[in-house]
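Heavy-atom basis, side chains included; hydrogens, waters and symmetry copies ignored. Heads up: numbering here begins at 1 and tracks the sequence.
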Amino acid sequence: MTLDYDGTLLRGLDGRIDGLVVAGLGAGHVPERLVTTLETLATTVPVVLASRTGAGSTLHYTYGFPGSERDLLARRPYRFLLKA
């Protein structure tokens, strides 16, 4: 996941995968433009968000912007999981 990633590959995964692990930005965030795509995928397969920092956990209740950990966790019953 990068700030300029447009989600092209993610949109092509629907119906082709059993689960998805996303190496989110910093402490596990995703760009707002990818939230809907990830939300769609999470209705059919587990989507696990992880930090791409190489060490440390994802945040849980720090930021509230679209694509933040708090925003993604609030999108229940979708199966966004935060890997600690």
* Mind checking side-chain hydrogen bond (donor to acceptor under 3.5 Å, both in side chains) for D4 and listing every partner two or more places apart, or none if nothing turns up? =>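 side-chain hydrogen bond (donor to acceptor under 3.5 Å, both in side chains) check on D4 returns T2.
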
List the atom pairs, with distances to 0.1 Å, where a side-chain N or O of residues 13-25 and a protein N or O form a donor-acceptor pair under 3.5 Å, not counting sequence neighbours.
unit_1 : atom_1 : unit_2 : atom_2 : d
R16    : NE     : G12    : O      : 3.4

Which atom names give the shortest non-hydrogen contact between [X] and [Y], and what distance separates them?
{"X": "R70", "Y": "G64", "answer": "NH2-CA, 3.4 Å"}
{"X": "P31", "Y": "L3", "answer": "CG-O, 4.4 Å"}
{"X": "L41", "Y": "L10", "answer": "CD1-O, 3.9 Å"}

* Atom OH of Y63 with >12 non-hydrogen neighbours under 6.0 angstrom ->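 Check fails, neighbour count at 12 or below.
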
* To do: Flag the pair L34 / Y5 as yes when at least one side-chain heavy-atom distance between them is below 4.5 Å, and no otherwise.
  =>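 When only atoms from C-beta onward are counted, Y5 and L34 do touch, with a gap below 4.5 Å.
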
* Asked: For the side chain of R33 and the backbone of G7, is there at least one donor-acceptor N/O pair under 3.5 Å apart?
  ->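 Not at all, since once roles are kept as given, no pair shorter than 3.5 Å links the two residues.
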
